[in-house]
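Step one of this worksheet: look at the structure below.
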Amino acid sequence: QVQLVESGGGLVQPGESLRLSCAASGSITNIYAMGWYRQAPGKQRELVASITSGGTTTYADSVKGRFTISRDNAKNAVYLQMHSLKPEDTAVYYCNGDIVSTDRPYEYEYWGQGTQVTVSS
């Protein structure tokens with residue numbers, strides 16, 4: 001069974017940085033796109049950034065220039081480096097991956113359990 005586990009969330013002050021990590025484990029055959037989403041209280045979940053298996057990245061306009069997504073294919077991991085954090089970045093951040101596994105031998109979208117990021121003075 002495939003699992004995505006996030007880490008690295010926490011409480012920071014405005015202007016500070018934080019790095020989120022997400023590792024996929026289980027009977028993985030292949031991982032295609034991976035990404036980070038976030039959901040603030042009372043709001044819909046939104047895409048923050050995504051990265052293809054070849055390294056092509058996409059960012060939400062609100063985080064361009066401040067956040068960087070990267071991945072380590074050998075470790076089945078994806079990262080989100082966040083700089084110049086703002087209070088409006090406060091949300092639960094979720095890792096996402098399009099993964100083929102022996103349990104599901106087709107592309108299937110998996111989600112992590114989420115990690116809280118709070119930006120407050």
**Asked** For Y110 and C95, what are the C-alpha separation, side-chain angles and deciding distance, and is it a side-chain contact (heavy atoms from CB on, under 4.5 Å)?
**Response** CA-CA 8 Å; Y110 291 88; C95 174; over 6 Å; no
**Message:** Using the rule given for side-chain contact (heavy atoms from CB on, under 4.5 Å), can you reason through R38 versus V63, listing the C-alpha separation, both sets of side-chain angles and the distance that settles it, and then say yes or no?
**Reply:** CA-CA 12 Å; R38 67 185 181 187; V63 306; 4.0 Å; yes
**Request:** Start with the C-alpha distance between Y108 and V100, add both sets of side-chain angles, then the distance that settles side-chain contact (heavy atoms from CB on, under 4.5 Å), and finish with yes or no.
**Result:** CA-CA 6 Å; Y108 186 85; V100 178; over 6 Å; no
**Prompt:** Given N96 and E109, is the side-chain contact (heavy atoms from CB on, under 4.5 Å) satisfied, shown in steps?
**Reply:** CA-CA 7 Å; N96 164 279; E109 188 175 47; 2.9 Å; yes
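Note: the hydrophobic cluster containing L4 also contains I28 (ILVMFWY, side chain heavy atoms under 4.5 Å, direct or indirect links). V12 and M82 end up in the same hydrophobic cluster when Ile, Leu, Val, Met, Phe, Trp and Tyr side chains are linked at under 4.5 Å. In the hydrophobic cluster analysis, where Ile, Leu, Val, Met, Phe, Trp and Tyr join through side-chain heavy atoms closer than 4.5 angstrom, Y93 is grouped apart from L11.
For Y32, the side chain to side chain donor-acceptor pair (under 3.5 Å) partners two or more places apart in sequence, or in a different chain, are N30. Not counting sequence neighbours, Y94 has no partner by the ring-ring contact (aromatic ring centres under 6.0 Å, His included) test.
Side-chain rings of F67 and W36 stay apart, their centers remaining 6.0 Å or farther from each other.
Side-chain N or O atoms of T52 include none that pairs as donor or acceptor with a backbone N or O of A33 at under 3.5 Å.
A distance of 6.5 Å separates CD1 of I51 from OG of S70, quoted to the nearest 0.5 Å. Rounding to the nearest 0.5 angstrom, the gap separating the OG atom in S53 from the CZ atom in R71 is 5.5 Å. The line from CE of M34 to CG of N76 is 7.0 Å long, rounded to the nearest 0.5 Å. With rounding to the nearest 0.5 Å, the separation of OG in S101 from CD1 in I31 is 10.5 Å.
By the 4.5 Å heavy-atom criterion applied to side chains, T68 and L80 are not counted as neighbours. Residues S120 and P87 have side chains not in contact (no heavy-atom distance under 4.5 Å, counting atoms from C-beta outward). Residues V78 and I69 meet the side-chain proximity criterion, which asks for heavy atoms closer than 4.5 Å.
Between the side chains of Y37 and R45, no donor-acceptor pair of N or O atoms lies under 3.5 Å. Between the side chains of Q116 and T118, at least one donor N or O lies within less than 3.5 Å of an accepting N or O. A donor atom on one side chain and an acceptor atom on the other are not found under 3.5 Å apart for Q1 and D103. With no hydrogens or angles considered, a side-chain donor-acceptor pair links Q113 and E6 at under 3.5 Å.
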Under 3.5 Å, sequence neighbours excluded: what are the donor-acceptor pairs made by side chains of residues 16-26?
{"unit_1": "E16", "atom_1": "OE1", "unit_2": "Q13", "atom_2": "N", "d": "3.0"}
{"unit_1": "S17", "atom_1": "OG", "unit_2": "H83", "atom_2": "ND1", "d": "2.7"}

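Using a 4.0 Å cut-off between charged nitrogen and carboxylate oxygen, D89 and K86 do not count as a salt-bridge pair.
A91 approaches A40 most closely through the heavy-atom pair CB-N, 3.8 Å.
With Y106 as the aromatic partner, R104 does not meet the cation-pi criteria of under 6.0 angstrom to the ring centre and within 45 degrees of the ring axis.
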